[in-house]
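Note that the coordinates shown come from a computational prediction; the quantities given were computed from them, not determined experimentally.
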Amino acid sequence: MAEFNPSLIISHEFPQTTYTYTERLVKLSFWDAALYALGIGACSRDAVDDKELKYVYHQDGQRSIEVLPTFSTLFSVDLQSKISKIPGLEFDPRLLLHGQQYIEIYKPLPSSGCLLNKATVAGLHDKGKATVLEIEILSYEKESGALLCMNRMAIYLRGAGGFSKSSQPYSYTKYPSNQSLAYKIPKSQPFSVYEECTQPSQALLYRLSGDYNPLHSDPMIAQIAGFSRPILHGLCSLGFAVRAIIKNICRGEKDTIQNITGRFLLHVYPGETLITEMWLDGLRVVYQVKVKERNKAVLSGVVTLSRFTSSL
C-alpha cells in the first residue's frame with residue numbers, strides 16, 4: 001500500500017457541487033424526494049397513512065409534498081467517488097463502511113430545488129487496522145444562499161490503518177473536545193416501540209435515489225466484503241428509524257427535528273424486521289434499532305427536537 005500523507009488529506013479541498021432534485025414522481029429523477037420516501041419504507045404498511053402520504057402525494061390543496069429530514073443525506077451521495085481521489089489517502093473501496101452520520105437541519109427542506117454543497121475533511125483517525133475519515137457537508141440553497149442543513153459522516157476504511165509515525169496513534173478533528181454527541185441506551189422500558197418489515201428488494205429500491213455502491217446489490221462484491229448477500233444501506237436503516245420517531249414521537253410533525261445522530265453497529269439484510277425502541281430524555285429521543293430475526297442491535301443514536309407535540 002502507498003504511504004499515507006495525513007497533511008495532504010486534512011488540507012484537501014473538495015470541489016463545490018450542485019444538486020438539483022424534483023418532488024414529482026412522474027419525473028423519477030435520481031434526487032426525487034418522493035422516491036426517497038418510498039425507499040425508506042414510507043406508506044409500506046398503509047398506502048393511505050395520514051402521517052406519511054404527504055411525503056409521496058399531493059393532496060387536495062397541498063402545493064407540494066413534504067420532505068423527510070434524512071433526505072438531506074442524499075445531497076452528497078456521490079462523495080465516495082471523490083474520497084478515492086483525495087491525495088495521500090489509500091484504501092480499498094470495497095472495504096469502505098459507513099460508521100456514523102450526524103445531521104443538523106436549519107430550514108425545512110424544499111420539495112424541489114438546486115443546492116450548493118461544500119464538503120471538507122473534518123477528521124482523520126488511525127485505528128490500527130482501519131482509518132476513520134470524517135467528512136462535513138454544508139448544503140445551501142443556490143438561489144438565496146440560505147444554509148439548509150449540515151451532514152457529517154464518519155467512514156471506516158478497513159485495512160487502511162497503521163499509518164501513524166509515532167507510538168501515539170494519529171488523530172485529528174476540527175471540533176472542540178467538549179463538543180460531545182454522547183448518549184447511553186437506557187436500561188428502562190422504552191417509551192415507544194415500532195416494528196416494521198423491510199422488503200427483500202429494499203436495497204434495490206433505495207439505490208434508485210443515487211447510492212449505487214455495489215455492496216448493496218452485487219452478491220459477489222458482498223461476499224468479498226464478508227457478507228453472505230448484499231446488505232441494506234446504513235442510511236436506509238437510519239431513514240426507517242427517523243420515520244419511526246416522526247410517526248410515534250413527533251406525531252407526524254417532521255419539522256420538530258433539529259438534529260440526528262446515527263451510529264451504525266451491524267449490517268441489515270433486506271427483508272429483515274426492524275424494531276425501533278425510543279426513550280425520552282428531555283427534548284432528546286434516544287433510540288436503538290434491532291433486527292428481530294437475529295435479536296441484534298444494528299443502529300443507535302439520538303434525535304433532538306425543538307418541541308414536543310401537544311398530543312404527546
Side-chain angles (χ1 to χ4, degrees), residues 9-24 27-37 39-40 54-55 63-86 98 100-124 133-155 172-176 179 181 206 208-212 233-236 238-239 242 246 253-262 301 303-306:
I9 295 170
I10 64 176
S11 63
H12 178 70
E13 295 184 3
F14 291 95
Q16 294 183 8
T17 60
T18 56
Y19 182 97
T20 304
Y21 63 96
T22 173
E23 83 281 3
R24 293 192 292 273
K27 288 190 175 180
L28 286 177
S29 77
F30 293 148
W31 318 115
D32 180 73
L35 182 61
Y36 169 80
I40 62 167
K54 60 189 176 182
Y55 302 127
R63 296 180 59 186
S64 60
I65 65 169
E66 295 189 23
V67 181
L68 288 155
T70 49
F71 179 70
S72 67
T73 61
L74 295 184
F75 297 163
S76 56
V77 74
D78 62 342
L79 192 62
Q80 183 176 338
S81 62
K82 294 180 174 60
I83 291 174
S84 63
K85 297 176 182 177
I86 296 177
H98 196 159
Q100 190 165 330
Q101 187 82 17
Y102 176 69
I103 306 166
E104 286 189 354
I105 302 295
Y106 306 121
K107 292 182 64 178
L109 302 178
S111 58
S112 61
C114 184
L115 307 183
L116 180 67
N117 294 318
K118 299 180 181 180
T120 57
V121 174
L124 182 69
L133 179 69
E134 295 179 79
I135 305 291
E136 179 184 277
I137 306 99
L138 297 173
S139 298
Y140 300 82
E141 207 165 27
K142 188 175 181 181
E143 185 174 350
S144 68
L147 178 60
L148 295 180
C149 60
M150 182 269 282
N151 275 267
R152 186 163 76 236
M153 62 183 71
I155 300 166
Y172 159 80
T173 181
K174 65 177 285 187
Y175 305 106
Q179 183 177 347
L181 302 174
Y206 182 84
L208 297 180
S209 288
D211 190 338
Y212 299 118
H233 305 70
L235 288 176
C236 182
L238 180 63
V242 175
I246 293 172
E253 296 184 23
K254 51 129 181 117
D255 291 340
T256 61
I257 291 183
Q258 290 187 323
N259 59 60
I260 301 163
T261 300
V303 172
T304 303
L305 309 178
S306 59

task: Output the distance between atom CD1 (Ile135) and atom CG (Leu133), rounded to the nearest 0.5 Å.
output: 4.0 Å
task: Kindly give the heavy-atom pair with the smallest separation between Leu238 and Gly262, and that separation in Å.
output: CD1-CA, 4.1 Å
- line: Value for CD (Gln101) from CE (Met153), rounded to nearest 0.5 Å, stands at 4.5 Å
message: Going by side chain to side chain donor-acceptor pair (under 3.5 Å), name the residues that satisfy it together with Ser72, two or more places apart in sequence or in a different chain.
response: Asn151
query: Is any side-chain heavy atom of Ile246 less than 4.5 Å from a side-chain heavy atom of Pro69?
result: yes
statement: Here the pair of heavy atoms bringing Val121 nearest to Ile9 is CG2-O, 3.4 Å
- prompt: Atom CD in Glu104, atom CD1 in Ile260: separation rounded to 0.5 Å?
  reply: 10.5 Å
- request: Kindly compute the distance separating CD (Gln258) from OH (Tyr106), expressed to the nearest 0.5 Å.
  value: 11.0 Å
- prompt: Where do Val67 and Pro110 come nearest, in terms of heavy atoms and distance?
  reply: CG2-O, 3.4 Å
- prompt: Does Ile40 reach the side chain of Tyr55, with side-chain heavy atoms less than 4.5 Å apart?
  reply: no
field: With Phe14 via ring-ring contact (aromatic ring centres under 6.0 Å, His included) - residues at least two apart
entry: His12
- line: Here the pair of heavy atoms bringing Cys149 nearest to Leu109 is SG-CD2, 4.4 Å
Short side-chain donor-acceptor distance under 3.5 Å, Ser144 and Glu141: yes
- request: Any chance you could measure Lys54, atom NZ, to Lys254, atom NZ, to the nearest 0.5 Å?
  value: 7.5 Å
message: Using 0.5 Å steps for rounding, measure from the NE2 atom of His98 to the NE2 atom of His233.
response: 12.0 Å
message: When you measure from the side chain of Asn117 to the backbone of Phe75, do you find a donor-acceptor pair of N or O atoms at a distance under 3.5 Å?
response: yes
message: Applying side chain to side chain donor-acceptor pair (under 3.5 Å), can you list everything that pairs with Thr73, at least two apart in sequence or on another chain?
response: none
- line: Checking Ile105, Leu305, Val303, Thr304 against Asn259 for side chain to side chain contact (heavy atoms under 4.5 Å, CB included), the one that qualifies is Thr304
statement: Sequence neighbours excluded, the answer for side chain to side chain donor-acceptor pair (under 3.5 Å) partners of Tyr172 is none
query: Is Met150 close to Tyr102 at the side-chain level, that is, under 4.5 Å between some pair of heavy atoms?
result: yes
task: Write down the atom of Ile137, the atom of Ala119, and the distance for their closest heavy-atom approach.
output: CG1-CB, 4.0 Å
query: Got Val242 and Leu68 here, is their nearest side-chain heavy-atom distance under 4.5 Å?
result: no
message: Test of understanding: with side-chain contact (heavy atoms from CB on, under 4.5 Å), list the residues that count as partners of Glu13, not counting sequence neighbours.
response: none
message: Going by side chain to side chain donor-acceptor pair (under 3.5 Å), name the residues that satisfy it together with Tyr36, two or more places apart in sequence or in a different chain.
response: Thr70
